Protein chains: 2
Amino acid sequence: MMWVNRLRRARRRAQPDRNIVIKPVYIDYPCEVSTAEPSPTSTAGVESSPSKRATIGDVAARAGVSKSTVSFVVNGRPGVSATSRDRVLRAAAALGWQPSARARALSRNRTQAVGLVIRRDPELLSTDPFFPQFMAGIEIGLAAREYSLVLQVVGDEQSERAAYRRFARESRADGVFLTDLRIHDTRPEELRELGLTAVIVAPEGTEPGGDPTIGMNDDAGVRRAVHHLHSLGHQHIAHVMGTAGYVHTEARRRAWQGALEELGLPIGTVVTADFTGASGARATHELLDLPQPPTAIVYGNDLMAIAGISVAADRGLRVPDDLSVVGFDDIPLAPYTVPPLTTVRQNVVAWGTAAAQTLVALVEGKQPPPVDLPPVEFIVRGSTGRTSTRDTGSR
Amino acid sequence: MMWVNRLRRARRRAQPDRNIVIKPVYIDYPCEVSTAEPSPTSTAGVESSPSKRATIGDVAARAGVSKSTVSFVVNGRPGVSATSRDRVLRAAAALGWQPSARARALSRNRTQAVGLVIRRDPELLSTDPFFPQFMAGIEIGLAAREYSLVLQVVGDEQSERAAYRRFARESRADGVFLTDLRIHDTRPEELRELGLTAVIVAPEGTEPGGDPTIGMNDDAGVRRAVHHLHSLGHQHIAHVMGTAGYVHTEARRRAWQGALEELGLPIGTVVTADFTGASGARATHELLDLPQPPTAIVYGNDLMAIAGISVAADRGLRVPDDLSVVGFDDIPLAPYTVPPLTTVRQNVVAWGTAAAQTLVALVEGKQPPPVDLPPVEFIVRGSTGRTSTRDTGSR
DNA sequence: TTGTACGCGTTATCAG
DNA sequence: CTGATAACGCGTACAA
């Protein structure tokens, strides 16, 4: 019933404009209007084939025009008289016709879909805030709703390659996102070989050559974190890195180090971890076991930072009095740790939106719109504070 | 180069069996074998059209058979002589031909894709462990790799409806998953009207009628939590519910209440929240402000529980001495809260796998395999303990 | 504006 | 049995 109402409204709306360039027509109703019983309106129709979806031919016949004319109308192309246009729309509405996406894909040789491969260790899969937000952002960028997002979740590198190959081979996607860029990543080249249009998602400043890169300057957040700690009197600031080899991991480490150099502070210890809680805990123990332990630690993500707080508590250290902790991501839990976590927040949703818009533009051979991402934010909460240690540079 | 090797291997494998029923052939190489320079092998070919993808017609011509024969071979249908089969495979390998997924979709009237609509408040999007794990599970269930997962992330109910309509209208998916079932949910019916095959993902015992339901008995976990608290001497056990109206929200509340009744404990206070940290914090304050505050709280998810711990800490209460806390989900952070969180864990990945297998079977008109999900686990960590309050039932 | 070939497999029909 | 022919699914694009 609801559908019928929609249908009526759609029909009423169908007053043709003059034949200026006309927007594509989009009619919002399900494939088959009359399913079970022949609806009263359809009796007026020419041939009521109830359970069969109408085709462009049916519409053309009913409107008394050719298929091409119908195609022109639906695609908003000029060169159709107002009367024909009107008749076509009327016929389409009456038959409940929608152009078939499948037939379109075949003749246009495009799927109208973009692909995303998610590669994550099982443990990180449900904690990493990146992908959910990124996907939400993509959807916003795909907002015209004419593209779909095809997803594949994989666990290792080999499956990842296979996933991209599959996208290409089965033409599942017209373009793909490339995330988690690694140092000396060979994937951009591989995607080119596969003939897949790609947008690379990586921190600003990355130049993998060729494909366009959408990036945020997340290292600005890390720099601000170090400056913040310095202003609180910290001299010994360590860093717990995420998985080595990723561009963003390195970018964060470089930002930490660069800030220390700027401030003339000694370069603290770096421990390589892998973004998991367990690795963050281990790294924290390592740092606190040093003969001269840091008074502050900057972590590569929130999960490791929170594990660090937990380790500190276990060892009887107070946060932030004995140890200040900074995370990265600002997961929704960050305000609810004890103490609340100071961290860096990027607008991942906006990032995804920009990436999607760029990718769609590329796929359609248009000029990608300029990207303007909001700046990274540094969120000060309770896990950072003045150090209680008289930190004179050596003790 | 890699491709060439694969190709050789594929070719070598191509020894035809006898004409028993033959498995579909699957060749793993990219669409176009020779891209830039004409490869040495292709000169031996009949017509080397470098940049153009081969079609079934080309293969048929090269093998000296008809298109139907090629089709039969690729689809593993009987009725093809071993010689023909051999020639076809040889020709296909030589031309690097793959059946076009698009053409197949058109003629088979199937997309070979399943759809998932994710509806979440922005805040919960990046914390909720359900969807990432569920998606990973789906991928495993789609393992034969012949189906794709098409995703849509939406924020509200209206967009959700639109998403399903779009799946149907554009034939983006042959079937869909229906998650977050609500009480008196109208979506199953709507999906039926749209002609979309669906699998409902909801707690065990739900009977929305019609569509098959894949469920876990997550309430068993909540029951065990209550029993555990009882065994620790708790008499006043409250519950913080998630968003009202969801089947799983209600199921958890009922499980909590049922366990209390079983044990002859007074039914504690229920506060309705919405799964966010903020709501969990607010609910906790409410409970602790009661004239007779609970000594233990069972939360509808981990995020709210962790917020609860934070509130308790702010109010100077010790967890678990003054207040025991139980969560639900076992997010990867749960071991790293202070104290570590006692919680309930479901195997969401297995759930997703089962759902996917069921959906694919339905779409293909086969009998769905029996589902056998691992039981829910109850994970005791540090946030629950003997109550320090002399809890005699009234104080 | 229209006719029509085309994109690419699938499948029913029919002949060998 | 084996295999070929042709119609079909549904738009798009180009020539007329």
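Quick caveat: nothing in here was measured; it's all calculated off a predicted structure. Every chain is numbered from 1 and lettered A, B, ... according to where its sequence line falls, protein lines coming before strand lines.
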Show every donor-acceptor pair shorter than 3.5 Å between a side-chain atom in residues 363-370 of chain B and any protein atom, with sequence neighbours excluded, or say none if there are none.
from: B:E364; atom 1: OE1; to: B:K366; atom 2: NZ; distance (Å): 2.9
from: B:E364; atom 1: OE2; to: B:Y147; atom 2: OH; distance (Å): 3.0

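- Partners of A:R187 by salt bridge (Lys or Arg N to Asp or Glu O under 4.0 Å), not counting sequence neighbours, listed by chain and number: A:E160, A:D185.
- Between the CG atom of A:L106 and the P atom of D:dC8 there is a distance of 17 Å, rounded to whole Å.
- Here A:D58 does not pair with A:R62 in a salt bridge; the nearest charged N to carboxylate O distance is not below 4.0 Å.
- In this structure, the side-chain contact (heavy atoms from CB on, under 4.5 Å) partners of B:A101, at least two apart in sequence or on a different chain, are A:E170.
- Look at B:S81 and you won't find any side-chain N or O under 4.0 angstrom from OP1 or OP2 of D:dC1.
- Nucleic acid contact for A:V70: none, since no nucleic acid atom lies under 4.0 Å from a heavy atom of the residue.
- We find that CZ of B:R102 is positioned 14 Å from P of D:dT12, with the value rounded to whole Å.
- Closest to the side chain of A:S66, out of C:dC8, C:dG3, D:dT5, is C:dG3.
- For B:F167, the ring pair (Phe, Tyr, Trp, His ring centres under 6.0 Å) test picks out no residue, with sequence neighbours left out.
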What string of B, S and - do you get for nucleotides 9-16 of chain C 5' to 3' if you count protein non-hydrogen atoms under 4.0 Å?
BBB-----

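- Judged as a side-chain contact (heavy atoms from CB on, under 4.5 Å), and not counting sequence neighbours, the contacts of A:S71 are A:I56, A:N75.
- Here C:dC8 presents its C1' atom at 15 Å from CG of B:N109, a figure rounded to the nearest Å.
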